[in-house]
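Structure, as structure tokens:
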Amino acid sequence: MIDVLFSSLGQLFTVPHMLYMVIGVLIGLIVGIIPGLGGIAGMSLLLPFLYGMEPSVALGMLMGLVAVIPTGDTFASVLLGIPGSSASQATVVDGFALAKKGQAARALSSAFLSSMIGGLIGALVLTAFILIARPVVLSFSSSELFMLTLLGLSMVAVLSGKDVFKGIAACGAGLLVGTIGMAPATGEFRLPFEIDYLYDGLPLVVVGLGIFALPEIIDLLVKRGAIAEQPCQLGKGWKEGVKDVAKRPGLVARCAGIGSLMGTIPGLAGSVVDWLTYGHAVQSAKDKSQFGKGDIRGVIAPESANNACACGAMVPTLLFGIPGSGTAAVFLGGLLLLGLQPGVSMLETNLDLTYTIIWSLALANILGAALCLGLARPVASLTRVPFVILAPLITILILFAAYQATRSLGDLFALGIIGAIGVLFKQANWSRPAFLIGFVLAPGAEAYFYQAAQFQGAEAFMRPGVLVIGALIAASLLLPPLRRSLRNHLQKRRQSEESAAHPLQEEVAPLSLGVIDVALLGSLLAGAAYMWWAFADLSMLGGIMPRLAIAIIVAACVLEIVRTVIKPMKWQTQTLSQQLPWVAGFFALIGGVMMLGFLFAAAIFCLGFLLVVARMKPVAAVGLAAGVTLFLMGMANLLTLTYPTGMLASL
């Protein structure tokens, strides 16, 4: 096993592997710079290019992106005071404070170096887990693997915070969308509305881009600011930042260790780890007076954990097929596109590729940190570009990536519909990662259930491993609400002892409801009723997973309605007045593609958007629109891709 670990190192330094890894790192850097996009959108953009690629080369490109996004999003956090992603929220507190003091260079260099070290520690932890856990994973049967997918679904409760029922409903919706297409057990087709495009189900690329990327782009357009409204200067202090990290090896190691271990628990990645390690830095400091005002330890701690957490999230993804984060969920889909099955297959027949992933993570962390340091000044200039200029370019790139999924116009319409759902989820604060995790885990859960029922019968669910995992699922679902109830009871008791004046004050704040919440709850219940009727003729095996998803949706929606009725509720203002024109504009763009063809519509859209909305000078607008058109033509030749020509071309 050790010999495979070192033999896979030779694959790492081949020219194709290094080239595609650098491409992944560069794309991850760009995605990380733009606030809100994050790893899920970036990974979804890369998925269309995986078709036909050598698995080891494709994995190098994906790992390059995974490794550098937690590093690249530091630019927005430090220079703009805007979290580049949910995993860089804590960095803003002291990073932006340092930037306002003219010490942005110091904050960036310490962040990049600690991110690199954290990523290397995370890669070591991933290696150790694989060496230790391999015998256990190889002993798993289909029944244990089915229970593990349910465990991954149960982690939605952690992702959803206080709004557990909304998160479970979102997960059920993703699960139901994931069952569309052919049933793996019986070959029956599950086609709502009898739409032929859905024969093979919805592509992961379309769902990932729709639920995450489009809502974030629309949100940034609504704000209508530059990426940086008041950009700050980098200043000096690059060497001082490196020295800051060198003086605090213990803090870096502890936070990287926390990030690695917490990343292995599905649902506990991102901002949870970020704030946890920031709190650890504050608690372990003797002098706490400068935290929040520009203490470098407030930058080093969360940045050490971010990259380590990304590595840790690969542990459940590779070993059990349970995505440890939203990015890992899309990465899981990428593995399936490459013909790789996480779990037993990755540790038995594809062990060399598993180690290639580890080596790629380690090397990509080094490359990413070096590139971030080298490109800091030009990137700082890029953050001053108004987002309204970048928006049409990113939108066309998303359309291109979605069209690559099945090369059908249906991809674009599905992207728009899922994007509209994503906008609703974002405005009502429903968990979009929960939706994506449900979608990604649906096919695996159904396949494992069918195999377990076929080969092992009823005894499949009485195995010791199944019972242990079942207990973990019960604990993950029951412990969070029990813990909250106990905490509320103790808090209420303490308040009643101190003063009887406002015993219910703390209960009102967590519960809120808005008009979009009501619309989503009503739509989910109506949709569940329709899907139950549409799938009524399916056999037991062919219909068990859709019916389970419908039951989850109905139960979660009813419980959420009951909760808002029996407990004090605060009405929350939720509006779509600013988002709806942009959503309508996106569908108008799709209509333009149908009428005029992809290339012509993309060119006109970019030119018109840049002239009318961004108010650029005509020469610059024409240059950018021409650049986008040339890029699309070049990708068509490279990928032997034929774009839609439009209805008018046939007249």
Side-chain angles (χ1 to χ4, degrees), residues 1-2 4-5 8-9 11-12 21 24 39-40 43 46-47 50 55-67 119-140 144-149 151-152 155 204 259-269 307-365 437 440-441 443-445 447-448 469:
M1 189 168 175
I2 299 296
V4 180
L5 174 63
S8 62
L9 183 61
Q11 173 65 34
L12 195 69
M21 183 189 295
I40 298 174
M43 188 74 74
L46 286 185
L47 289 187
L50 300 184
S56 62
V57 174
L59 289 172
M61 182 170 65
L62 293 178
M63 287 300 98
L65 183 136
V66 168
L120 294 176
I121 293 174
L124 289 175
V125 171
L126 177 57
T127 305
F129 265 101
I130 288 175
L131 291 171
I132 296 168
R134 184 172 182 260
V136 178
V137 177
L138 292 179
S139 67
F140 282 180
E144 281 89 2
L145 293 172
F146 169 71
M147 294 300 290
L148 283 171
T149 58
L151 178 62
M155 290 300 171
L204 175 63
S260 300
L261 295 176
M262 295 296 286
T264 63
I265 304 173
L268 289 187
N307 287 48
C309 183
C311 296
M314 291 294 132
V315 172
T317 307
L318 293 174
L319 296 185
F320 309 117
I322 300 175
S325 64
T327 304
V330 185
F331 174 73
L332 180 62
L335 289 178
L336 299 177
L337 287 178
L338 293 170
L340 303 174
Q341 185 66 43
V344 175
S345 174
M346 290 299 291
L347 299 183
E348 193 172 30
T349 57
N350 295 305
L351 186 61
D352 57 332
L353 290 177
T354 303
Y355 285 132
T356 298
I357 290 173
I358 296 173
W359 285 117
S360 299
L361 267 174
L363 182 58
N365 272 289
I437 287 176
V440 169
L441 290 180
Y448 289 138
I469 300 170

Practice prompt. May I ask you to test the I358-Y355 pair for a side-chain heavy-atom distance under 4.5 Å?
Written response: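 Answer yes - side chains close enough.
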_Restricting to side-chain contact (heavy atoms from CB on, under 4.5 Å), what partner residues turn up for L336, sequence neighbours left out?_
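Partners of L336 by the side-chain contact (heavy atoms from CB on, under 4.5 Å) criterion, ordered by chain and then number, come out as Q341, P342.
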Side-chain atoms of residues 307-314: list all donor-acceptor pairs with protein atoms under 3.5 Å, sequence neighbours left out, distances to 0.1 Å.
residue	atom	partner	partner atom	Å
N307	ND2	A67	O	3.0
N307	ND2	T71	OG1	3.1
N307	ND2	N365	OD1	2.6

Quick one: [atom1] on [X] to [atom2] on [Y], what's the gap to the nearest 0.5 Å?
X: I357; Y: L335; atom1: CD1; atom2: CG; answer: 5.5 Å
X: D352; Y: W359; atom1: CG; atom2: CH2; answer: 14.0 Å
X: L332; Y: L337; atom1: CG; atom2: CG; answer: 10.0 Å

Assess whether side-chain contact (heavy atoms from CB on, under 4.5 Å) is satisfied between L50 and M61, documenting all intermediate values.
CA-CA 9 Å; L50 300 184; M61 182 170 65; 3.9 Å; yes
#### Entry: Considering all heavy atoms, the nearest G122-S260 contact
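Residues G122 and S260, closest heavy atoms: CA-OG, 3.4 Å.
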Heavy atoms only: give me the nearest A364-M63 pair and the separation to one decimal.
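Closest heavy-atom pair between A364 and M63: CB-O, 3.9 Å.
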Exercise for the section: Kindly indicate, with the supporting measurements, whether the criterion side-chain contact (heavy atoms from CB on, under 4.5 Å) is fulfilled by F331 and L59. Expected result: CA-CA 9 Å; F331 174 73; L59 289 172; 4.0 Å; yes
